[in-house]
Amino acid sequence: MPSQALAQGDAPAAQAGLASPQPLPALGAAPTIDPPDDASARSAFAYARAAIVHSARALRSGDDPSPQAADIAPPEGLYPGACVTIREAGGRLLGRGVFVGGVRSVEFATQRALEQALQALPQARDMLQRAVAADTLASALLTVELSGQPTPLRPERFAELDHELDMGIDGVLAIAPTRDGDQMHAVFPLGMLVQGSPPSRAMVSAVSVASGDPSMAIAGVRPHEAAAVREKGVQLFRLRARQLAQLSSQPDLDRAPEPMMLTRGSRLARVSELSTPALRDLLARTTDHVVRRATTGASLGQDVALWDDLRPLEGVQQGFADGGSKAVASLALLHASSTLVEGNHRELALRAARLSERLLVQQLAGDGLFGDGLSGEAGPGVLADDSTQSAAWLAALLVGAEHEEVGPSLRSQPWFTERVAELGASVQRGLRRDERGAVVGFADGVPEGGRGVIAYALAKLSVQPGADASLVQLRRDALAQTYLGAGPGELAGQLPWLWWAESAASAGEAGLPPALLELREHIWQNQVREGDQPDVLGGIILREQLSPTGKALPTWQGLRPVAFVAASLRDPRLTPDGERMAELSKLLGSLRFARQLVVDESAAWAGGLERPGNAQDIAAGGAAGATAEAALGPTMLWGVRAAPWDYRMPLDACVAGVLALSEAVRSLEVLAGQPQSQPQSQPQSQPAGSPGEPGGPR
């Protein structure tokens with residue numbers, strides 16, 4: 001670190017996040033940018049916990065609770081930077097201390113966090129009040145972040161930091177010259193995750209606080225861009241950090257809680273934990289999460305809506321899913337229900353199927369609901385003009401009609417036959433024809449990702465009893481146009497719909513297009529199999545997919561092709577016996593990434609994330625632990641994050657997770673020879689027959 005930033009005193013500055021640096025000791029080797037190792041990190045955590053215990057005992061006995069009064073051996077290690085956060089068991093932030101640049105970073109950060117926590121507690125005026133304050137502090141949750149040596153950054157623009165730094169792993173530090181000397185402000189990774197702040201925005205904030213000038217740094221405005229800020233003497237740094245968190249309250253002062261090592265605020269999932277029963281249980285939990293996103297309320301009348309965006313670290317759920325997302329969610333619930341109906345999750349399977357039925361009836365029962373007002377669409381008939389959305393609802397309706405539990409109810413609806421015909425007509429309008437009536441492509445309004453959806457709906461429609469023979473040709477045309485001119489990258493965006501369409505269309509036949517084998521190979525070529533970020537291993541990077549940080553890293557979008565490769569494992573046309581173990585090994589890697597994206601109890605470090613008061617769950621139950629439910633709220637648990645660095649949980653991401661897990665569980669149980677239901681909502685393996693046309697659909 002530059003010498004002018006190292007000449008100041010020992011005491012931490014007066015506000016959280018601001019600290020005065022100290023020179024690091026002269027050791028044989030310079031400190032690295034890597035954070036302290038596990039042993040040093042645990043020593044630092046133990047020190048911070050011991051300081052909390054001292055203050056809690058002092059409060060209880062009426063002694064001086066200040067951290068300066070504690071006689072605690074310093075942690076064993078070299079800690080260039082530290083951030084210590086203390087939260088009340090209910091989630092309220094009690095104190096946070098940050099210190100970067102000195103040999104006693106952990107001690108100073110702990111001291112500042114405890115000072116804030118003691119000020120935040122109710123002032124104790126008698127023995128009873130002291131006991132309450134002591135219990136509150138003793139049961140607090142502790143999070144410790146430890147950084148390696150700050151490394152200089154020299155961006156021309158702040159936006160460059162989003163490419164250079166890793167969200168959730170790297171923190172940022174700014175040192176600015178002021179009238180009172182150099183001042184610094186650091187933002188550690190977990191704080192950035194909670195705020196949803198990418199590195200560029202966090203650095204702008206750090207510069208503003210350190211300089212005391214809110215207008216000094218403004219991204220995108222040249223006089224206030226990073227280069228101009230550096231010309232004014234401001235220094236910018238990266239902080240690569242290690243994270244430890246206490247996930248459950250431990251009011252017993254004689255028992256030290258065992259911290260969990262986190263990566264981007266989550267525990268690191270491992271392939272070794274992915275047994276078939278564990279995956280079935282995970283499917284149940286993620287399905288239950290989608291069911292719990294259903295809500296009613298005074299503003300909705302008798303309707304049911306699905307929360308579109310959940311943000312567990314902020315305790316926010318907002319916006320209702322549009323019609324297309326609800327259609328795919330309805331289909332996913334039916335898939336999961338059929339997979340879970342046998343075994344210990346039958347009750348959940350029935351709840352999932354009934355919620356799907358309720359969504360279908362609500363959407364399709366009458367002309368007034370055919371254009372869905374909940375999603376902002378206006379008036380009847382709107383859905384009929386959206387071929388892709390019509391296809392999704394038609395597929396869900398036909399799959400629901402085949403479901404053992406809700407099928408009879410759906411088929412008995414007086415509008416069922418009429419709706420199938422109306423939706424089928426809308427889907428067909430998504431195909432473009434020439435003057436002779438031949439299909440030559442998709443209509444202009446059909447998005448590229450909607451082609452597989454239309455092909456699947458037509459495939460399902462063409463195999464219904466009494467279906468018009470012309471539908472068989474239409475499904476062939478739709479599949480042919482989906483493949484036409486599309487490479488594996490483009491076809492990956494059509495999954496899993498394209499595979500379902502092929503499977504439904506090839507009943508009783510043997511061959512599948514060679515393009516599907518090429519597509520699967522393309523998927524595996526884009527699987528992350530090595531690197532220094534273990535939490536992204538196994539993820540699939542789609543052709544057009546870049547992370548919000550500008551790096552090619554996997555997100556929830558990669559779960560859609562996982563549903564295809566999982567299903568292909570049980571189809572001998574794609575996976576002969578001799579290839580199954582190799583395919584299973586690659587699939588398990590992607591399932592590990594899927595597990596990494598699921599928000600579980602390890603996110604309880606953020607604390608106190610209650611659901612908004614207007615949320616009313618459709619279904620009760622759930623399997624989350626009491627501590628995590630109290631911290632996160634039951635609606636927030638077991639959803640799928642948008643990415644390892646992005647804790648938002650879009651409904652589409654959760655639905656993709658349910659579909660991938662459902663296909664995986666089904667394949668693993670089929671291959672293991674375990675008895676299970678064979679729902680018609682799921683493409684099934686077919687016996688051998690004649691091959692189809694090379695490179696294209698039948």
Side-chain angles (χ1 to χ4, degrees), residues 34-56 67 70 72-91 93-99 105-114 117 137-148 168-169 171 188-191 193-194 239-270 273 313 534-535 596 599-609 625-628 630-632 644:
D34 295 325
D37 59 22
D38 284 3
S40 297
R42 293 183 185 279
S43 176
F45 184 92
Y47 171 86
R49 175 62 186 177
I52 292 175
V53 169
H54 159 79
S55 294
I72 306 171
E76 300 174 357
L78 180 63
Y79 309 96
C83 175
V84 175
T85 303
I86 303 173
R87 290 186 182 274
E88 194 175 358
L93 178 64
L94 293 176
R96 176 177 290 124
V98 177
F99 197 94
S105 292
V106 173
E107 297 166 74
F108 284 147
T110 302
Q111 176 181 324
R112 182 58 188 152
L114 264 174
L137 186 58
S139 59
L141 300 178
L142 172 65
T143 303
V144 175
E145 297 174 82
L146 303 165
S147 79
I169 294 176
F188 274 70
L190 292 183
L193 286 177
V194 169
L239 299 173
R240 179 142 290 201
R242 187 179 300 278
Q243 305 154 4
L244 300 88
Q246 174 186 343
L247 302 181
S248 60
S249 179
Q250 179 54 270
D252 186 349
L253 297 179
D254 294 322
R255 294 181 59 191
E258 180 67 21
M260 176 174 284
M261 293 286 183
L262 303 178
T263 301
R264 290 190 239 254
S266 180
R267 76 178 185 86
L268 186 63
R270 303 189 182 280
E273 65 190 75
L313 299 190
D535 59 327
Q596 188 72 47
V599 174
D600 60 15
E601 293 97 333
S602 65
W605 58 267
L609 307 182
T627 300
L632 296 176

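Quick note: residue numbers are just sequence positions, from 1. All values reported here derive from a predicted model rather than from experimental measurement.
Looking at Gln243, its side chain does come within 3.5 Å of a backbone N or O of Gly265 through a donor-acceptor pair. Remark: the backbone N or O of Ala241 is not paired with any side-chain donor or acceptor of Ser147 at under 3.5 angstrom. Distance alone, capped at 3.5 Å, places no donor-acceptor pair between the Glu601 side chain and the Leu247 backbone.
In this structure Thr85 satisfies the side chain to side chain donor-acceptor pair (under 3.5 Å) test together with Arg96, sequence neighbours excluded. For the side chain to side chain contact (heavy atoms under 4.5 Å, CB included) test, residues two or more places apart in sequence or in another chain that qualify with Ala82 are Ser105, Val106, Ala109, Leu146. Residues that satisfy the side chain to side chain contact (heavy atoms under 4.5 Å, CB included) test with Ala46, not counting sequence neighbours, are absent from this structure. Partners of Asp34 under the side chain to side chain donor-acceptor pair (under 3.5 Å) rule, at least two apart in sequence or in another chain, do not exist in this structure.
In terms of heavy-atom proximity, Pro36 sits nearest to Gly148 at CD-N, 4.5 Å. Residues Ala245 and Phe45 come closest through the heavy atom pair C-CE1, 4.3 Å. Gln596 and Ser266 get closest at one heavy-atom pair: NE2-OG, 3.8 Å.
Screening residues 44-56 for side-chain hydrogen bond (donor to acceptor under 3.5 Å, both in side chains), with sequence neighbours left out, gives no hits.
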Return a table of donor-acceptor pairs under 3.5 angstrom between the side chains of residues 137-145 and protein atoms on other chains or two or more places apart.
unit_1: Ser139; atom_1: OG; unit_2: Asp135; atom_2: O; d: 2.9
unit_1: Ser139; atom_1: OG; unit_2: Thr136; atom_2: O; d: 3.3
unit_1: Glu145; atom_1: OE1; unit_2: Leu190; atom_2: N; d: 3.0

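The residues Asp37 and Arg242 are annotated as not salt-bridged, no charged nitrogen and carboxylate oxygen being separated by less than 4.0 angstrom. With respect to the salt-bridge test (charged N to carboxylate O, under 4.0 angstrom), the residues Arg42 and Glu76 do not qualify.
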For this session: Show the numbers, then the answer: is there a side chain to side chain contact (heavy atoms under 4.5 Å, CB included) between Ile52 and Ile86?
Result: CA-CA 9 Å; Ile52 292 175; Ile86 303 173; 3.9 Å; yes
For this session: Check the pair Trp605, Met260 against side chain to side chain contact (heavy atoms under 4.5 Å, CB included), reporting the backbone distance first and the verdict last.
Result: CA-CA 10 Å; Trp605 58 267; Met260 176 174 284; over 6 Å; no
For this session: Take Arg264 and Ile169 through the test side chain to side chain contact (heavy atoms under 4.5 Å, CB included) and record every step on the way to the result.
Result: CA-CA 6 Å; Arg264 290 190 239 254; Ile169 294 176; 3.6 Å; yes
Exercise. Are Ser40 and Leu78 close enough, and set up right, to give a side chain to side chain contact (heavy atoms under 4.5 Å, CB included), and what steps lead you there?
Worked result: CA-CA 8 Å; Ser40 297; Leu78 180 63; over 6 Å; no
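Leu313 places a side-chain heavy atom less than 4.5 Å from the side chain of Leu193. Considering only heavy atoms from C-beta on, Thr110 stays 4.5 Å or farther from Pro67 through its side chain.
Leu268 CG to Thr263 OG1: the interatomic distance, rounded to the nearest 0.5 Å, is 5.0 Å.
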